Number of protein chains: 2
Amino acid sequence: MVDRTADDGSLLLQDQLCFALYAASRSVIARYRPLLDELELTYPQYLVMLVLWEQQTASVRELGAALQLESSTLSPLLKRLEAGGLIHRQRRADDERSVSITLSEAGAELREKARAVPLAIGEAMGLTPEQDATAKHLLRLLTANVNRTA
Amino acid sequence: MVDRTADDGSLLLQDQLCFALYAASRSVIARYRPLLDELELTYPQYLVMLVLWEQQTASVRELGAALQLESSTLSPLLKRLEAGGLIHRQRRADDERSVSITLSEAGAELREKARAVPLAIGEAMGLTPEQDATAKHLLRLLTANVNRTA
DNA sequence: CTCGATTTAGTCGCGCACAACTTAATCGAG
DNA sequence: CTCGATTAAGTTGTGCGCGACTAAATCGAG
């Protein structure tokens, strides 16, 4: 198969980086699914937990900034995490507009069960450390460029 | 920032290729949105149209194979494309289980308006041809690996 | 030829994802 | 101090995306 560059006007599906991206993202998330089912988390919920395991607490706004998600996506998701007993939500005293999200006991404990997940995914992806680093670099560059004048 | 490789058990969001992938995919699709709004298409609908512009006709099964989507995703999407007057759907005479999707006049004509889209996106992504090719290669490798034992 | 297995679309339920909007709290120029 | 502008979170509506399931048509071993 002869690929064309990003610069021509090809309308062929297989020429498009964006489709490779879209397909790869869904494939990786599908790979996560059985692992996250064990933790009773969806993939976006897992991402929220990653942020909280890292920094204990965050506002909805901060979670949105870290994950590039709107409050309209996060609010219901956080409600489900709270219903699942993994987080607490409370209005901040010093700024009643903000809501602090914190880990519950169960949420903090879940971290240990999650430890095995990145390993298993890394193995399934099957890239060399160099390929992994290159891919991350290019994806971040791409994201920054695309968001630049968005 | 010091990145770790895919092989360790880091639970840091920024270390994870999968998050870079997820964020990049959504950013690119968001970039498409205003362009596709002009065509009154969503991104997945646009992908279906790409396949049809390429080969005139396809069954639901073939579209699913090309785009890696389930019939439970495609059936309602195709219903919307039909309601929008871009495609026709008809049971295949030789195998009543299959449904043939074909372009309508309007669907075929939309191709010309879509010509400018890949150019604009390619420009927004801002990768060199080499980077674009590398990214596509790595994403396909990744997807193949992840799906292999799925 | 027959009938259980397979294949193809489709429906349903749930959880994102995002645009558009609302509500409430805070900010800040005058 | 005040009040219009801004900010934070949440609601609503639409369209994916997929698992679980169903219905109907076809296949194929015996």
Side-chain angles (χ1 to χ4, degrees), chain A residues 19 22-34 36-37 39-49 58-84 87 89-101 147 150, chain B residues 19 22-34 36-37 39-49 58-65 67-84 86-87 89-101 147 150:
Chain A
F19 174 68
Y22 169 74
S25 180
R26 285 185 301 110
S27 287
V28 171
I29 291 173
R31 252 294 185 169
Y32 269 95
R33 211 179 313 278
L36 295 181
D37 280 351
L39 312 182
E40 297 188 271
L41 289 176
T42 65
Y43 181 71
Q45 289 169 8
Y46 168 72
L47 294 180
V48 167
M49 296 303 288
S59 66
V60 175
R61 201 198 72 78
E62 288 165 338
L63 288 172
L67 304 177
Q68 306 258 75
L69 290 171
E70 304 296 322
S71 71
S72 49
T73 298
L74 285 172
S75 286
L77 184 157
L78 293 169
K79 203 176 285 187
R80 285 186 283 272
L81 284 179
E82 187 182 41
I87 63 168
R89 308 154 77 209
Q90 62 190 48
R91 288 274 160 193
R92 208 163 272 182
D94 59 324
D95 185 343
E96 294 272 343
R97 291 172 302 179
S98 290
V99 169
S100 284
I101 309 298
N147 287 337
Chain B
F19 173 67
Y22 169 72
S25 179
R26 285 185 301 112
S27 288
V28 170
I29 291 174
R31 252 292 187 170
Y32 268 95
R33 212 179 313 278
L36 295 181
D37 281 351
L39 313 182
E40 297 188 89
L41 289 175
T42 64
Y43 181 71
Q45 288 169 9
Y46 168 72
L47 294 180
V48 167
M49 295 304 288
S59 66
V60 175
R61 200 196 73 77
E62 288 165 339
L63 288 172
L67 304 177
Q68 305 260 75
L69 290 171
E70 303 295 321
S71 71
S72 50
T73 298
L74 285 172
S75 285
L77 184 157
L78 293 169
K79 204 177 284 187
R80 285 185 284 271
L81 283 179
E82 187 182 41
L86 297 180
I87 62 168
R89 296 164 4 121
Q90 61 189 50
R91 288 275 161 192
R92 208 162 270 182
D94 58 324
D95 185 344
E96 293 273 339
R97 289 173 303 180
S98 290
V99 169
S100 284
I101 309 298
N147 287 337

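Basis for what follows: all heavy atoms, side chains included, without hydrogens, waters or symmetry-related copies. These numbers come from a predicted model, not from an experiment. The chains referred to below are lettered A, B, ... by the order of the sequence lines, with proteins before strands, and numbering in each begins at 1.
- As a whole-Å value, the separation of A:L41 CG from C:dG15 C1' is 13 Å.
- Of the candidates C:dC16, D:dG10, D:dG15, D:dG10 carries the atom nearest the A:S75 side chain, counting heavy atoms from C-beta on.
- Distance CD (A:Q68) to P (C:dA17): 13 Å, rounded to an integer number of Å.
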For residues 68-84 of chain A, which side-chain donor-acceptor pairs fall under 3.5 Å, sequence neighbours excluded?
{"residue": "A:S75", "atom": "OG", "partner": "A:S71", "partner atom": "O", "Å": "3.1"}
{"residue": "A:E82", "atom": "OE1", "partner": "A:R89", "partner atom": "NH1", "Å": "3.3"}

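- The CZ atom of A:R61 sits 8.0 Å away from atom OG of A:S98, with the distance rounded to the nearest 0.5 Å.
- Nearest to the side-chain atoms of A:Y22 among the listed nucleotides C:dC16, D:dG17, C:dG10 stands D:dG17.
- Atoms CD and CD1, on A:Q45 and A:I87 in that order, are 9.0 Å from each other to the nearest 0.5 Å.
- Rounded to an integer number of Å, the gap from A:R92 CZ to C:dT26 P is 12 Å.
- Set against D:dG17, C:dA9, D:dG10, the side chain of B:R91 has C:dA9 as its closest nucleotide.
- Mapping B:R80 and A:K79 onto DNA chain D by nearest heavy atom places A:K79 at the nucleotide closer to the 5' end.
- Listed pair B:R89 / C:dG10 meets the phosphate criterion, a side-chain N or O lying under 4.0 Å from OP1 or OP2.
- One finds a side-chain N or O of B:R26 lying less than 4.0 angstrom from the OP1 or OP2 phosphate oxygen of C:dC18.
- The CZ atom of B:R97 lies 11.0 Å from the CZ atom of B:R92; values are rounded to the nearest 0.5 Å.
- Contact detail for B:P34 and B:A30: the closest heavy-atom pair is CD-O, 3.4 Å.
- Across all non-hydrogen atoms, the minimal contact from B:Y22 to A:S25 is CA-OG, 3.7 Å.
- The phosphate of D:dC16 (OP1 or OP2) has a side-chain N or O of B:Q45 nearer than 4.0 angstrom.
- The OH atom of A:Y43 lies 9.0 Å from the CG atom of A:L36; values are rounded to the nearest 0.5 Å.
- In this structure, the CG atom of A:L81 is 18 Å from the P atom of C:dC14, given to the nearest Å.
- As rounded to whole Å, 18 Å separates atom C1' of D:dG15 from atom OH of B:Y32.
- Counting any heavy atom pair closer than 4.0 Å across all strands shown, B:L69 reaches sugar-phosphate atoms only and no base atom.
- One atom, OH of B:Y43, and another, C1' of C:dC16, lie 18 Å apart when rounded to the nearest Å.
- Listed pair A:R61 / D:dG10 fails the phosphate criterion, with no side-chain N or O lying under 4.0 Å from OP1 or OP2.
- Taking the salt bridge (charged side-chain N to carboxylate O under 4.0 Å, His left out) definition, one finds that A:R33 meets it with nothing, sequence neighbours left out.
- The 12-atom threshold is exceeded at CD of B:E96, counting heavy atoms of other residues, nucleotides or ligands nearer than 6.0 Å.
- Relative to the axis of its first five pairs, the axis of the last five pairs of the helix from C:dC1-D:dG30 to C:dG30-D:dC1 sits at 20°, rounded to 10 degrees.
- Atom CD in A:Q90 sits about 18 Å away from atom P in D:dA8, given to the nearest Å.
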Might you list the N or O atoms of the protein lying below 3.5 Å from N or O atoms in nucleotides 19-25 of chain C, with each pair's distance?
{"residue": "C:dA19", "atom": "N6", "partner": "A:S72", "partner atom": "OG", "Å": "3.1"}

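- Atom CG of A:L36 is separated from atom P of D:dG17 by 19 Å (rounded to the nearest Å).
- Contacts of B:Y46 classified as ring-ring contact (aromatic ring centres under 6.0 Å, His included), with partners at least two apart in sequence or in another chain: B:Y32.
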Between the protein and nucleotides 1-4 of chain D, which nitrogen or oxygen pairs are less than 3.5 angstrom apart?
none

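- Heavy atoms of A:L77 sit under 4.0 angstrom from primed sugar atoms or phosphate atoms, though from no base atom.
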